[in-house]
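In what follows, a single structure is set out as structure tokens and then discussed.
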Amino acid sequence: MSDSNRTDFTNPSTFILLGIPGLEAAHVWISIPFCAMYAIAILGNFTILFIVKRDPSLHGPMFYFLCMLAVTDLVMSTSTLPKMLSIFWFNSREISFSACFTQMYFIHSFSTMESGMLAAMAFDRYVAICNPLRYSTTLTNSTVAKIGLAVVLRSGILTLPSLFLVRRYPYCRTNIIPHFYCGHIALVKLACADIHINSYYGLFYLFSMIGVDVFFIAVSYTLVLRAIFRLPTKDRFGDNMPLHFLILITSVYQLVPPMIHPIIYGMRTKQIRDRLLQLFTHKYA
């Protein structure tokens, strides 16, 4: 590649997002279910926040963690969906250099915040079921706030090194990203530099955050199940997959959790379900 061609793409002012390569003709149709999931995620999570804020009897550790998870889901889904829909509906594919890195930061930091919040909720259920007499003294409002702050700081701070590593690379190959958002792997593949540090840090990031959270969640619920049953009443996945299939899978990962969390943790929670029914009953009485 000549020097002139390399200079043209070194730290480009904008990137071009392709959406889902290979399925451009179906972008409008694909956008319909994703738009519906986004609407459900927004409505469900805002409903949880509204009900918990409105009812003082729900001002407890379990519902505080649920609200934190709702905020995390709202930010995570909003980091990707509006731009995705603008690509699918209006063919608005350009994203500025700074906006691309900002989007990458929000996507990855809030994805790990989500796993951290799920781990905090698992700990809440463990204390409530296995040590109910110590629940109110263990999970005070101060403790809940410290756990939430620790989850946010952990994700926010540990995501920064990968952002700085990616930002320092020269981009002299192309400014075209075969995706509908700026992800870490998609950006690193465009760099014309040694990216081994990023790969190593990515593995560290994955195992030290997501891996630890998954392990903690598994241990917590294993102890919960053991307590319940003791009661008197009883390789790199996707290397050979088509690109459009992998992008669809990551799209579902970004959108489905924010949509189903309000249903799983909200509507299946008796207190929130009762308050929601009372709200509609009072409104239409």
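Residues Leu158 and Val151 fall into different hydrophobic clusters, defined by Ile, Leu, Val, Met, Phe, Trp and Tyr side chains chained together at heavy-atom separations under 4.5 Å. Both Leu23 and Met84 belong to a common hydrophobic cluster when Ile, Leu, Val, Met, Phe, Trp and Tyr are linked at side-chain heavy-atom distances under 4.5 angstrom. The hydrophobic cluster containing Leu187 also contains Leu160, counting ILVMFWY residues as joined when their side-chain heavy atoms lie under 4.5 angstrom apart, directly or transitively. Residue Met76 is not grouped with residue Leu153 when hydrophobic side chains (ILVMFWY) are merged at heavy-atom distances under 4.5 angstrom, including chains of intermediate members. The hydrophobic clustering, which links ILVMFWY residues whose side-chain heavy atoms are closer than 4.5 Å, places Val71 and Phe106 together.
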Derivation and outcome, ring pair (Phe, Tyr, Trp, His ring centres under 6.0 Å), residues Phe97 and Phe101
CA-CA 7 Å; Phe97 188 82; Phe101 284 96; 4.7 Å; yes

Between Thr78 and Ile42, does a side chain to side chain contact (heavy atoms under 4.5 Å, CB included) hold up when you go through it step by step?
CA-CA 9 Å; Thr78 303; Ile42 294 292; 4.2 Å; yes

Do Val144 and Met68 pass the side chain to side chain contact (heavy atoms under 4.5 Å, CB included) test, and can you show the C-alpha distance, the side-chain angles, and the key distance before you say yes or no?
CA-CA 10 Å; Val144 171; Met68 294 178 194; 3.8 Å; yes

Would Lys53 and Leu49 satisfy side chain to side chain contact (heavy atoms under 4.5 Å, CB included), going step by step from the backbone distance to the final call?
CA-CA 6 Å; Lys53 183 181 184 302; Leu49 294 173; over 6 Å; no

Residue pair Leu118, Leu69: steps toward the side chain to side chain contact (heavy atoms under 4.5 Å, CB included) verdict:
CA-CA 7 Å; Leu118 291 174; Leu69 180 65; 4.0 Å; yes

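Counting only heavy atoms from C-beta outward, the side chains of Ser79 and Phe110 never approach each other to under 4.5 Å. Residues Cys130 and Arg125 fail the side-chain proximity criterion, which asks for heavy atoms closer than 4.5 Å. No side-chain heavy atom of Phe180 sits under 4.5 Å from any side-chain heavy atom of Leu17. Side chains of Ile176 and Leu18 form a contact here, defined as non-hydrogen atoms less than 4.5 Å apart. The shortest distance between side-chain heavy atoms of Tyr181 and Ile95 does not fall below 4.5 Å. Put simply, the side chain of Met62 does not reach to within 4.5 Å of the side chain of Leu139, judged on heavy atoms. Side-chain contact between Cys100 and Ile177 is present, with heavy atoms from C-beta onward closer than 4.5 Å. Proximity of Ile20 to Phe88: side-chain heavy atoms (C-beta onward) are separated by under 4.5 Å at one or more points.
Of the inter-residue distances, the one linking Phe123 atom CZ with Thr138 atom OG1 reads 6.5 Å to the nearest 0.5 angstrom. Summarising the geometry, atom OG belonging to Ser77 is positioned 12.0 Å from atom CD1 belonging to Ile40; distances are rounded to the nearest 0.5 Å. Here Thr14 contributes atom OG1 and Glu94 contributes atom CD; the two are 4.5 Å apart, rounded to the nearest 0.5 Å.
Taking each heavy atom of Phe65 and Ala120 in turn, the nearest pair found is CE2-CB, 3.8 Å. Taking all atoms of both residues into account, the shortest heavy-atom contact from Ala193 to Pro170 is CB-CD, 4.0 Å. Contact record, Gln103 with Thr80: NE2-CA, 4.1 Å, taken as the closest heavy-atom pair. Thr72 and Glu114 make their closest contact through CG2-N, 3.6 Å (heavy atoms, listed as atom of the first residue, atom of the second, distance).
Under the 3.5 Å distance criterion, the side-chain polar atoms of Ser162 are matched with a main-chain donor or acceptor of Thr159. For the pair Thr140 (side chain) and Thr137 (backbone), a donor-acceptor distance under 3.5 Å is absent. Panel note: side chain His179, backbone Gly19; no donor-acceptor pair is recorded below 3.5 Å.
Using a 3.5 Å distance cut-off with no hydrogens or angles, the side chains of Asn198 and His184 do pair a donor with an acceptor. Judged purely by distance below 3.5 Å, without hydrogens or angles, the side chains of Ser115 and Thr112 never pair a donor atom with an acceptor atom.
Under the ring pair (Phe, Tyr, Trp, His ring centres under 6.0 Å) criterion, Tyr105 pairs with no residue, sequence neighbours left out.
Counting heavy atoms of neighbouring residues, nucleotides and ligands inside a 6.0 Å radius, atom CD1 of Ile185 does not exceed 12 of them.
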